[in-house]
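Data first, discussion second: the structure below is written as structure tokens.
Worth knowing before you read on, the calculation uses all heavy atoms, side chains too, and leaves out hydrogens, waters and symmetry mates. Counting starts at 1 for both ligands and their atoms, in listed order.
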Amino acid sequence: MSTTQPASPATPQKPAPHFPEQVTGMYILAKALKNVGIDTMYGLVGIPVTEFAYIAQDLGIRFIGFRHEQQAGMAAATHGYLTKTPGVLLTVSSLGFMNGLTATTNATVNCYPMIQISGSSVREPIDLDQGTYEGLDQLNVAKGLVKAAYRVNKPEDIPTAVARAYRAAVSGRPGGVYLDITTPCLGAIMDHADADKLFFQPVDPAPAQIPSPQAVERAVSLLASAKRPAILLGKGAAYAQIDDKIKHLIESTGIPFYPMSMAKGLMPDNHPLSAISARSTIMEQADVVMLVGARLNWLLSRGHGKWNPDGKFIQLDIDPEEIDCNRPIAAPVVGDLESSVDAIIAALAGKKLAMDPAWVSGIQSESKVKNAKFLERLEPQTVPMTHWSALGSVKKVLEANPDVILVNEGANTLDDTRDSVDMFLPRHRIDCATWAIMGMGMGSAIGAAVASGKSVVAVEGDSAFGFSGMDFSTICRYKLPVTVCIFNNGGIYNGIGVNLSHDGDPAPTTLDVKARYDKLGDAFGATTYYVTTPAELFTALTEAVASKKPCLIDVQLAADSGKESGHIGYLNPASLIDVTV
Ligand code: ADP
Ligand code: MG
């Protein structure tokens, strides 16, 4: 007999446990950036942000990896300046953060929008000063040096923090923002579905700020009453991207304009109303000067010195605290430049200007004479090359390629290039700007090439190049259309300094006049040139720009070309040492 065993009751099939898909703080951060439109990030990875960079790249954010964080930061700042959206810099904790902070602070000083995102170590041992891996109280270090600084401790706060950082960077006076994301926050886990609910689009992150009608009327009355008015354009005006309105303002009034260094090209340098060669005349004789996105800071003698003591200023600026900063401003117009220039143009309609026609014709004839005289400096084909004979060739090539962005730093190399090379298009000149710092060259060249897709030529003093030279390799790795010209006179200012102790060491200003910088380019696969004559430089630079590939030109100058501090030798405490002896 067979017994049929009752079938054991089937073990009820438990539904498989449902773990919702989970994501980390790193993923939320990348997604939040992408959500607000960030498409590029500059940085240098390591603990604790490496995986974050991989995730961001995977989500379609272009990652440009550097050899030094300061250069990545300079790239982000330039990206911000050219696009009016925040450039993003990614750094590791402690030293990486500190290296990058230099650039974020420089961006703040220069009104460039950028966000430095740094990983930071676990809070508790930092707060108790117990010592931990890369432990530094980064938020508090950054606070005094940037426009805004925030720390994020929880992954659900990341989208809010990114939106706030974005707003802080681009609204009002643009600047650098620091976002501190702790290691636990980067690694924290959330349900994907919950995370997805956090993202939002910030509405109107850089709102228009309309100037008051009274301020506009006051400014326009003053401008209209001027016999010898001038318009001074700063890089705030270039940043605002209101090129046609600026052109209209100038051409419809016929008032001469003077561009600050990075505003060169906003109106063509050779425009009939350009007073670029009549700076002293503007300062000494103008009775009303309208500052448009320019600060009356040290670059303009803070409104004193040569300036006409009876002259009056109109200032168009977004920052009310800038007004009266160095000299009383008779007619402040506080607002965003687009709104302010629109309002001024509208209020000027139908107003008769009291401008003396002899003022403009005087500036034009003075400019004609000075320009012709200046060109004579560039003509001699001096060999070994001086800054001037080299710049004669650079000028020809760049003026034949006006859409190339010029990056420029150094002392004599900065001043002489600015004075020699005319610019014809807005935002095509990027230099060491308000702080007059060295060490922005490779970073800014990379940021400019990446943000604009255009070719870039960096004209660098040999000392200036030294601060960022290793990031020439980044230009090569990303195959960017950047040509770097190194003006090698073998030193800071020049290569003929004398060590007063005669102990055989180089003088403090001495570098390497025989260095072959072109070989440094060879190491990374660039096309390189070593040139000793203006004709060779002309050919090399023409070819390099046409190639749209990474190129490096060692421009061999005479060691005695260049003077102490370029144009600003007067800032030295005392000229006890004549480095030219
Ligand atoms: P420059 O060195 O060329 O004179 P600065 O950087 O010193 O230029 O000055 C730029 C000025 O422009 C700053 O005072 C800044 O507040 C202002 N600015 C920047 N962006 C705008 C804008 N969109 N609207 C109005 N003012 C602006
Ligand atoms: Mg030098």
### Query
Looking at D243, T78, T83, which hits side-chain hydrogen bond (donor to acceptor under 3.5 Å, both in side chains) with R427?
D243
Report each N/O pair between ligand 1 and the protein that falls under 3.5 Å, naming both atoms.
{"from": "ligand 1", "atom 1": "2 (O)", "to": "K235", "atom 2": "NZ", "distance (Å)": "3.2"}
{"from": "ligand 1", "atom 1": "3 (O)", "to": "K235", "atom 2": "N", "distance (Å)": "2.7"}
{"from": "ligand 1", "atom 1": "4 (O)", "to": "R295", "atom 2": "N", "distance (Å)": "3.4"}
{"from": "ligand 1", "atom 1": "6 (O)", "to": "K235", "atom 2": "NZ", "distance (Å)": "2.7"}
{"from": "ligand 1", "atom 1": "6 (O)", "to": "R295", "atom 2": "NH2", "distance (Å)": "2.8"}
{"from": "ligand 1", "atom 1": "7 (O)", "to": "R295", "atom 2": "NE", "distance (Å)": "2.7"}
{"from": "ligand 1", "atom 1": "7 (O)", "to": "R295", "atom 2": "NH2", "distance (Å)": "3.3"}
{"from": "ligand 1", "atom 1": "8 (O)", "to": "K235", "atom 2": "N", "distance (Å)": "3.4"}
{"from": "ligand 1", "atom 1": "9 (O)", "to": "G293", "atom 2": "O", "distance (Å)": "3.4"}
{"from": "ligand 1", "atom 1": "9 (O)", "to": "R295", "atom 2": "NE", "distance (Å)": "3.3"}
{"from": "ligand 1", "atom 1": "12 (O)", "to": "G293", "atom 2": "O", "distance (Å)": "3.4"}
{"from": "ligand 1", "atom 1": "14 (O)", "to": "R173", "atom 2": "NH2", "distance (Å)": "2.8"}
{"from": "ligand 1", "atom 1": "14 (O)", "to": "D317", "atom 2": "OD1", "distance (Å)": "3.4"}
{"from": "ligand 1", "atom 1": "14 (O)", "to": "D317", "atom 2": "OD2", "distance (Å)": "2.5"}
{"from": "ligand 1", "atom 1": "16 (O)", "to": "R173", "atom 2": "NE", "distance (Å)": "2.8"}
{"from": "ligand 1", "atom 1": "16 (O)", "to": "R173", "atom 2": "NH2", "distance (Å)": "3.3"}
{"from": "ligand 1", "atom 1": "16 (O)", "to": "D317", "atom 2": "OD1", "distance (Å)": "2.7"}
{"from": "ligand 1", "atom 1": "24 (N)", "to": "L337", "atom 2": "N", "distance (Å)": "2.9"}
{"from": "ligand 1", "atom 1": "26 (N)", "to": "I318", "atom 2": "N", "distance (Å)": "3.2"}

### Closest heavy-atom pair and its distance - A347, V216
CB-CG1, 3.8 Å
Compile the donor-acceptor pairs under 3.5 Å between side chains in residues 283-293 and protein atoms, sequence neighbours left out, one pair per line.
{"from": "D287", "atom 1": "OD1", "to": "R228", "atom 2": "N", "distance (Å)": "2.8"}
{"from": "D287", "atom 1": "OD2", "to": "K227", "atom 2": "N", "distance (Å)": "2.8"}
{"from": "D287", "atom 1": "OD2", "to": "R228", "atom 2": "N", "distance (Å)": "3.3"}

### Heteroatom N/O/S of A411 within less than 2.8 Å of the Mg ion (ligand 2)
no
### Message
With respect to the Mg ion (ligand 2), please indicate if N489 possesses an N, O or S atom at a distance under 2.8 Å.
### Response
yes
Could you tabulate the donor-acceptor pairs under 3.5 Å formed by side-chain atoms of residues 327-344, not counting sequence neighbours?
{"from": "R327", "atom 1": "NH1", "to": "G303", "atom 2": "O", "distance (Å)": "2.8"}
{"from": "R327", "atom 1": "NH2", "to": "N308", "atom 2": "O", "distance (Å)": "3.2"}
{"from": "R327", "atom 1": "NH2", "to": "P309", "atom 2": "O", "distance (Å)": "3.4"}
{"from": "R327", "atom 1": "NH2", "to": "G311", "atom 2": "O", "distance (Å)": "2.8"}
{"from": "D336", "atom 1": "OD1", "to": "Q209", "atom 2": "N", "distance (Å)": "2.8"}
{"from": "D336", "atom 1": "OD1", "to": "S339", "atom 2": "OG", "distance (Å)": "2.5"}
{"from": "D336", "atom 1": "OD2", "to": "E338", "atom 2": "N", "distance (Å)": "3.2"}
{"from": "D336", "atom 1": "OD2", "to": "S339", "atom 2": "N", "distance (Å)": "3.1"}
{"from": "D336", "atom 1": "OD2", "to": "S339", "atom 2": "OG", "distance (Å)": "3.3"}
{"from": "E338", "atom 1": "OE2", "to": "K245", "atom 2": "NZ", "distance (Å)": "3.1"}
{"from": "S340", "atom 1": "OG", "to": "D336", "atom 2": "O", "distance (Å)": "3.2"}
{"from": "D342", "atom 1": "OD1", "to": "K245", "atom 2": "NZ", "distance (Å)": "3.0"}
{"from": "D342", "atom 1": "OD2", "to": "K245", "atom 2": "NZ", "distance (Å)": "3.1"}

### Task
Could you tell me whether the side chain of M440 reaches within less than 4.5 Å of the side chain of Q70, counting heavy atoms only?
no
### Task
Starting from the Mg ion (ligand 2), look over the N/O/S atoms of D462 and name the nearest one.
OD1
### Query
Angle class for the F487/H387 ring planes (parallel below 30°, perpendicular above 60°, tilted otherwise)?
tilted
### Summary
Applied to residues 232-241, the side-chain hydrogen bond (donor to acceptor under 3.5 Å, both in side chains) test, sequence neighbours excluded, yields N110-K235, K235-T434
